[in-house]
Amino acid sequence: MMTVPTNRGWLLSGVRAIRVLLLLLVLALWETVASFGGSLRSYVPHVWDLAAALGRVLGEEEFGAHVQATLIALGSGVAIGGVAGILVGLAITSVRSVRFVLEPVVLYLGAIPKIVLYPLFIYTLSVGMASKVGMASLSVFFPVAVSTVGSAWLVRPVWLRAATVLDAGRWQAVRHVALPAMLPSILTGVQLGVAAGIVGTVAAESKVGKEGIGHMVIDYYSRLELPEMYVLVLLVFVCASVLAIGMNRVLKGLRKAEERQSNQPLLL
Amino acid sequence: METRDLTVAVTNPDAPGPPPGGRPRRERRRASLDRLAPWLRALLIVGVVGLLELVVGLGLINPLFVPKPSDALAELVGDAGEYARLLGTTLYETAVAFLGAAVIGSGLGYLLWRHRVLAAAVEPVLVGLFASPIILLYPIFLIVLDRSVTAVIVQAMIGGIIPTVVTTQRALHGVRATYLRAGYLYCRNRRQSFVNVLLPAAMPGIVSGLRLGLTYTLLTVLATEYLTNIGGIGAEISGAYTLLRTDRMYAALILVLVLTSAFLYGLDRLERAFHAKGGQG
């Protein structure tokens, strides 16, 4: 049976076509520079060299151990920094005068590039996994804390007054009114925190240390194994992108579910 | 935006509704809190610094790892010329990188706004790049551009482009359809409509995007300087750490804190002024 393409159908096919075209364009440009790029040729390996390098990188004996080291540092950082960020954010939010005083302090401290504070972790926790976890935790902490503190703006006073009128207790008002309203912003903070955690972890690994993906990239750079270095950077980007897109979809789904719920008629 | 009253209601949910005349009292309390907050904040910072001075002075923290804040400040003041030079280098790198990021980012943002299908096609790429550790590209720039300030500038420019693209596109999308129709009806051509209608309408959003781009550019400059040991304050932190000159390292860290805070504060004020002007217009 023939189907008539809808507007959405056309859009989707157009999007797919453009994606393929863009990918081909990038590959063609890369290959042009690799073949005829003059002095740049020595820095831009052929696509087939990159493909071969991918095999070598993935086949390297210690590749798994490096990935594991990065994931452990990142996972621990997300857990410690995320929980600490939410708890500190909620503590600041729960007392009005404290929030007035501390909100700008958290905001301004959060704007510092965390990697420049890495020497402090090395001094206190020495070179190794502990200092990397510290770095990742700090990187995750600030976006989560800032979003949690900012999420208080999303709780409308009228909702809390309604809860009071309905005879809700203090904990009930927090659990059923304040927290659900704050949740999307907190989750966005966690998403930003994970991205910041990846940056903090790999940047720390690239500066000091003997394990992790960041260290591998710098190791390839110092040995001038450029195809391997490019491939590894690309792999990190792809993994971070997939994670970000996945989290984005989950957040969108949560928001839609919340909208559906809030649009339901109130039955009295 | 409605005023927040989370704490009052949550801490005392059984309290009766606002009595007649209660609102002005609450607003008065809030105004006095607004006035007091900066002083309390300053007191908190002075307290923390004083406590650190005391703890290090008593030998509870090894001064080899954490110097007295007064020593770090004395270092900063004593070698003010050198720190001013480092600050100048960082600011120069930030300015050049931001200029590139603003031009390229705004241009790409406009292009994506004009072509809906293209925007839909590259959206996942932008989301992915926004979350990717762009900083990891620095070895590539070191190879191609050598160990130079240019490498730091290009790395920072890439760091600033992506947020600028995303926010410019969003700002243009946020322009009301009524304005676009008015531009179509009353302007002679697309260029006129863009300059006289679209651009002024989207400007507050574009300015917010540029503010974000500038912040990202500065952060990337400092991070790249630290990682590569090239350039201004970031490189100084790395060098001082290697030489175990903690007084110099902390002096540079104080400078980073002051610089990022001043940037954030200045940009915030500028954006508010711009929005206020736009609101009056």
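Chain letters run A, B, ... following the sequence lines, proteins first and then strands; every chain starts at 1.
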Pair A:L102-B:L44, side chain to side chain contact (heavy atoms under 4.5 Å, CB included): steps then yes or no = CA-CA 9 Å; A:L102 287 187; B:L44 178 78; 3.4 Å; yes
Is B:R41 reaching over with its side chain to a backbone N or O of A:F100, donor-acceptor style, under 3.5 angstrom?
-> yes
Donor-acceptor pair, A:K207 side chain versus B:T228 backbone, under 3.5 Å?
-> no
Part of [X] lying under 4.5 Å from any heavy atom of chain A:
{"X": "B:I143", "answer": "both"}
{"X": "B:L118", "answer": "both"}
{"X": "B:E123", "answer": "side chain"}
{"X": "B:T215", "answer": "neither"}
{"X": "B:Y265", "answer": "both"}
{"X": "B:L129", "answer": "both"}
{"X": "B:V144", "answer": "both"}

Sort by residue number and list every member of residues 242-249 of chain B having a non-hydrogen atom under 4.5 Å from chain A.
-> B:L244, B:T246, B:M249
Inter-chain contacts: residues 134-142 of chain B against chain A, heavy atoms under 4.5 Å = B:I134, B:I135, B:L136, B:L137, B:Y138, B:P139, B:I140, B:L142
Chain B contact via [X] - which portion, at a heavy-atom distance below 4.5 Å:
{"X": "A:I218", "value": "side chain"}
{"X": "A:Y108", "value": "both"}
{"X": "A:L22", "value": "side chain"}
{"X": "A:L226", "value": "side chain"}

Start with the C-alpha gap between A:Y118 and B:Y241, add the side-chain angles, then the distance that decides, and say whether side chain to side chain contact (heavy atoms under 4.5 Å, CB included) holds.
-> CA-CA 10 Å; A:Y118 189 44; B:Y241 158 73; over 6 Å; no
Interface check, chain B: of A:M229, A:M247, A:Q172, most non-hydrogen pairs under 4.5 Å belong to A:M229
Under 4.5 Å, counting heavy-atom pairs only, tell me which of A:I122, A:L109, A:T124 racks up the most with chain B.
-> A:I122
Nearest-0.5 Å distance, CG of residue B:L218 to CD1 of residue A:I112 = 11.0 Å
Any side-chain heavy-atom pair of B:L227 and A:S206 under 4.5 Å = yes
Taking the side chain as every heavy atom from C-beta outward, state whether A:V101 and B:P38 have any pair of such atoms under 4.5 Å apart.
-> no
State, to 0.1 Å, how close B:P133 and A:V202 come at their nearest heavy-atom pair, and which atoms those are.
-> CB-CG2, 3.7 Å
Trace of the side chain to side chain contact (heavy atoms under 4.5 Å, CB included) decision for B:L253 with A:L120 = CA-CA 11 Å; B:L253 280 175; A:L120 307 186; 4.1 Å; yes
